[in-house]
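Structure, as structure tokens:
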There are 2 protein chains.
Amino acid sequence: MAKRRTHDPVPWLDESQLDAWKSLMGMLTMLPAALDAQLKRDAGLNTFEYHVLVQLAETPDRRLPMSALACAAQGSPSRLSHAVRRLENSGWVERVTSSEERHRVDARLTDLGWNKLVDTAPGHVREARRLVVDALSPDQLAALGDAARTVLAAIDPSTAPSARGETVDPS
Amino acid sequence: MAKRRTHDPVPWLDESQLDAWKSLMGMLTMLPAALDAQLKRDAGLNTFEYHVLVQLAETPDRRLPMSALACAAQGSPSRLSHAVRRLENSGWVERVTSSEERHRVDARLTDLGWNKLVDTAPGHVREARRLVVDALSPDQLAALGDAARTVLAAIDPSTAPSARGETVDPS
DNA sequence: CTAGTTGTGTTGAACGTTCAATCATGGGTA
DNA sequence: TACCCATGATTGAACGTTCAACACAACTAG
């Protein structure tokens with residue numbers, strides 16, 4: 001309200017920009033819904049819960065402190081706490097308090113959770129291929145990834161790969 | 001569960017594909033959140049409510065049947081019904097039953113709603129420019145739009161512009 | 001040894017979306 | 001007239017996310 005200044009120079013989008021913007025908005029609404037639907041239907045998981053399991057599975061001990069997991073899965077501490085409670089009720093994850101640091105809680109992927117992921121991942125990758133990876137030409141996919149990276153950098157400069165000492169997987 | 005077939009040919013993503021996929025997922029989680037946050041903060045609207053107002057404003061009479069509006073704003077009838085109730089409570093939209101077809105309900109943008117949109121749109125466009133349109137080179141933006149269109153076609157072939165007699169703006 | 005303070009995690013209520021009824025109106029058909 | 005079904009729209013409960021408040025341990029300083 002108070003920001004309303006009629007002389008603000010906010011040039012409108014031209015035709016080609018508007019076209020790209022609308023397509024992007026369309027993808028932003030449809031793609032997450034489609035991926036969510038596949039996971040919900042085939043695995044009874046939502047995208048966030050799936051990502052939580054993936055992050056744990058990609059960790060050496062299959063366990064992570066809640067805060068690190070929240071960061072890795074790109075969710076708030078609260079969101080993670082609720083999600084882990086649901087995953088715990090299903091037996092796929094368990095909370096363990098680190099014996100050394102009693103105020104730190106680790107989420108640990110159970111064997112059941114690992115198997116769940118082994119069952120679930122192929123179907124999800126298949127859907128990812130069907131809707132994106134195989135639907136686009138290699139050049140299109142690379143350009144999409146490039147644009148996405150740039151947008152991410154604009155949203156949060158600290159996420160920019162070039163601007164951080166990203167811990168490189170030492171394999 | 002029953003779908004688990006270890007011989008299913010689901011090739012994993014190679015390094016460059018995985019890289020693009022992760023960037024895309026990042027954008028898919030961060031960008032809608034960022035746009036939503038701007039609208040919520042500056043206008044007290046969420047993205048869907050904003051789109052509802054926009055769709056009405058772009059219509060000659062500033063009114064549309066609920067079902068047409070739901071389609072235009074890409075939401076379910078139920079979602080629209082709830083959203084219109086909220087917008088109605090704020091005085092930005094009103095429901096009017098078409099005098100001819102009494103079982104049809106139109107949502108109409110009030111003058112208050114029109115002014116609200118006039119106040120809100122520039123800030124939203126500014127944010128869209130900051131995070132996407134101006135953050136990308138023209139080539140990047142065009143490529144992003146192109147990829148998004150292709151993905152949309154993969155999700156719902158009936159949405160594909162090339163496959164439909166899309167009403168082209170006759171200007 | 002308290003008193004603040006920070007870091008880490010959880011909780012409950014509020015809010016928005018979804019899902020499965022449900023309501024209301026308008027033809028059809030007999 | 002009565003009945004049935006299709007269409008358009010709404011409703012209420014269930015679910016997940018957010019937000020603000022809280023709990024708890026560990027550090028720091030007086």
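Just so you know, these numbers come straight off a predicted model, no measurement behind them. Every chain is numbered from 1, with letters handed out A, B, ... down the list of sequences.
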What integer distance in Å separates [X]:[atom1] from [N]:[atom2]?
X	N	atom1	atom2	answer
B:Asn89	C:dC15	CG	P	12 Å
A:Asp106	C:dT8	CG	P	13 Å
A:Leu87	C:dT10	CG	P	13 Å
A:Leu80	D:dG16	CG	P	15 Å
B:Lys40	C:dA14	NZ	P	15 Å
A:Leu69	C:dG9	CG	C1'	13 Å
B:Met66	D:dT7	CE	C1'	15 Å

Exercise. Counting just side-chain N and O atoms, does B:Arg104 come under 4.0 Å of either OP1 or OP2 of C:dA24?
Worked result: no
Exercise. According to a strict under-4.0 Å criterion, is A:Ser67 in side-chain N/O contact with OP1 or OP2 of C:dG9?
Worked result: yes
For this session: Check the hydrophobic clustering (I, L, V, M, F, W, Y; side-chain heavy atoms under 4.5 Å; chains of links allowed) and say if B:Val96 and B:Leu112 are grouped together.
Result: no
For this session: Answer with yes or no whether the hydrophobic clustering places B:Leu136 together with A:Leu18; edges join I, L, V, M, F, W, Y residues whose side-chain heavy atoms lie under 4.5 Å apart.
Result: yes
For this session: Take B:Glu127 and B:Arg130, measure what salt bridge (Lys or Arg N to Asp or Glu O under 4.0 Å) needs, and give me the verdict at the end.
Result: CA-CA 5 Å; B:Glu127 189 74 345; B:Arg130 187 175 74 83; 3.2 Å; yes
Problem set entry | Student check: side-chain heavy atoms of B:His124 and B:Leu45 closer than 4.5 Å | no
Under-3.5 Å N/O pairs linking protein and nucleotides 17-21 of chain C:
{"residue": "C:dT17", "atom": "OP1", "partner": "B:Arg79", "partner atom": "NE", "Å": "3.3"}
{"residue": "C:dT17", "atom": "OP1", "partner": "B:Arg79", "partner atom": "NH2", "Å": "3.1"}
{"residue": "C:dT17", "atom": "OP2", "partner": "B:Arg86", "partner atom": "NH2", "Å": "2.9"}
{"residue": "C:dT18", "atom": "O4", "partner": "B:His82", "partner atom": "NE2", "Å": "3.2"}
{"residue": "C:dC19", "atom": "N4", "partner": "B:Ser78", "partner atom": "OG", "Å": "2.7"}

Problem set entry | Any residue meeting side-chain hydrogen bond (donor to acceptor under 3.5 Å, both in side chains) with B:Thr110, in chain and number order, not counting sequence neighbours | none
For this session: Not counting sequence neighbours, which residues clear side chain to side chain contact (heavy atoms under 4.5 Å, CB included) with A:Ala135? List them please.
Result: B:Ala154
